[in-house]
Novice: 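Questions regarding the structure given below will be posed in turn.
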Amino acid sequence: KRQVRTVRDVVGDDFIIIYRLSMLDLHESGSSWKEIEHHAKEIERAGASIISTGIGWHEVRVPTIASVVPPAAFTWVTKRLKQAVDIPLITSNRINSPELAEQCLQHGDADMVSMARPFLADSEFVYKAANNQSPLINKCIACNQGCLDRVFKGQRATCMVNPRAAYEIEFPLGKIENQRTIIIIGLGVAGLSCAYYSALRGHHVVAYDRGNLGGQFNLAAEIPGKHDYIDTVRYFEAQLSLLGVEVHRNHEVGFEELRELYADAVVFATGVHPRMPDIEGIDHFSVMDYETAITEKSSIGDKVAIIGAVGIGFDVAEMLVPVDESKESWYRKWGIDTRYENRGGLLEADLGQSVDMEQTVNNEHERTVYLLQRKQSKPGSHLARTTGWIRRLSLRKAGVIMLSGVSYQKIDEFGLHIRYHGEARTLAVDHVIVCAGQASEDALYRQLSKIGQPTHVIGGAKKATELDAETAIRQGMELAYKL
């Protein structure tokens, strides 16, 4: 309070002072609601112009900004404080569109809305919102991959869906002098990125996909907590239409057709297909790859074993466990007390509890899910720093049984036979879902490159191992600036 008053005395009455107040600590030692109100009133009396809402701390194990957090999940806290003070309040966290921001204001949740990552995703967010161009906004999907995850590794912050963010000097906007004809095969996010940036630079772009736009992002959007991923596909689709890119859907280009097409460069962004491990019985009727599992999830039985605890394995496990995606259910799951009767805004049952990440939760759910890996390391240890703990903890809460150091023996009518800690076990499951990595779809690229055509390859078609969307989208942009 003294510091705010001192600043006010120095800057005068016409200077705006915004004070950041943690309104929901989500920690057992956090402030009570009475203390929050008292704090806010004292800051108002001291001369602050505006109070901005802070949610949670890095130390707490409750997600606050990741994609699993429902849209505008914490505006109720700001709305509650509005009854206690007269100065304007700013609300924040997981608000990524003009429509959602307007909804918060119209409902009286706050006087203003704070955004950060959405401006990394699209620096023209405000301009497009003001000009009724919301479909052209590149929305933040709260993945954290390009921003926070990079910062925690000492790298320059950028954005997965907007790789030019913080790289504007290296990749300036502007048309090239010599327009070229670029053919792009495959319109997953790597191909979409390359098509968009190539057209933005003035090239004539013709793009083909054997299905629809989006590739692996269409699968990701089916996973609970990742529904916003489809907005990235829609953004690219809208931009390609605006830029006049010639898009051919449901058109599988063959070698002979490509030989007849004129192009200064052919870009292969044909993606990946699931890799099937060499296990006896891998062709058993109970086995399916992750693509089939996601697209035909209604056919999956009540007892499931997932081979491979990589990111896709976690995706499939999250899809299979029962999920009530209402806000109320999400608050209960993470122990958030929206009545704010306890310190830190936590439910009584969550106060003082810690989670043992090695402990397997007793499974009382309808479906039994095993998540298996050959490596001895903890399942999910490779996941992103800012979101991996959320995914591991979510599956523990859901009763998923995670086993490391597994040796796969065979698959038959009795289930999946494994060796675990040196002992033979049979997991009597209805289905075995394979999430054991991916292989590049590069046959057409290799065939065409042999006859001297000017070819390029990006994304999963270039390297399937350790592929991530940030790399794929960035490769698409970087190649567009080289063509």
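The structure presented is a predicted model; accordingly, all values stated were derived computationally and were not measured.
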Novice: When you look at T91 and V77, which way does the side-chain contact (heavy atoms from CB on, under 4.5 Å) test go after all the steps?
Specialist: CA-CA 8 Å; T91 196; V77 183; over 6 Å; no
Novice: What I want to find out is whether K82 reaches D109 closely enough, with some N-O distance under 4.0 Å, to be called a salt bridge.
Specialist: no
Novice: Please list all pairs meeting side chain to side chain donor-acceptor pair (under 3.5 Å) that have one or both residues in residues 136-151, counting only residues at least two apart or in different chains.
Specialist: R117-N144, K139-D231, N144-T386, D149-T386, R150-Y167, R150-E470
Novice: Is R94 salt-bridged to D228, going by a charged N under 4.0 Å from an acidic O?
Specialist: yes
Novice: Salt bridge check, R201 against E177: does any charged N sit closer than 4.0 Å to a carboxylate O?
Specialist: no
Novice: Any salt bridge between E478 and R164, counting N to O under 4.0 Å?
Specialist: no
Novice: Aromatic rings Y208 and H248: how do their planes relate, parallel, tilted or perpendicular, breaks at 30° and 60°?
Specialist: parallel
Novice: One pair to check against side-chain contact (heavy atoms from CB on, under 4.5 Å): F171 and Y197. What are the steps and the verdict?
Specialist: CA-CA 10 Å; F171 301 97; Y197 286 106; over 6 Å; no
Novice: Between R391 and F314, is NZ or CZ placed under 6.0 angstrom from the six-membered ring centre and within 45° of the ring axis?
Specialist: no
Novice: Roughly how far, to the nearest 0.5 Å, is CD of E222 from CG of L219?
Specialist: 8.0 Å
Novice: If you compare all heavy atoms of A190 against all heavy atoms of I458, which two are closest, and at what distance to 0.1 Å?
Specialist: O-CD1, 3.5 Å
Novice: Looking at K378, is its backbone amide N or carbonyl O close enough to the side chain of S381 to form a donor-acceptor pair, meaning the two atoms are under 3.5 Å apart?
Specialist: yes
Novice: Just jot down the side-chain contact (heavy atoms from CB on, under 4.5 Å) partners of I18, sequence neighbours excluded, or say none.
Specialist: I16, I50, S52, I90
Novice: Enumerate, atom names and distances included, each donor-acceptor pair closer than 3.5 Å involving a side-chain atom of residues 268-278, sequence neighbours excluded.
Specialist:
residue: T270; atom: OG1; partner: E441; partner atom: O; Å: 2.4
residue: H273; atom: ND1; partner: E441; partner atom: OE2; Å: 3.1
residue: R275; atom: NE; partner: A436; partner atom: O; Å: 3.1
residue: R275; atom: NH2; partner: A436; partner atom: O; Å: 2.7

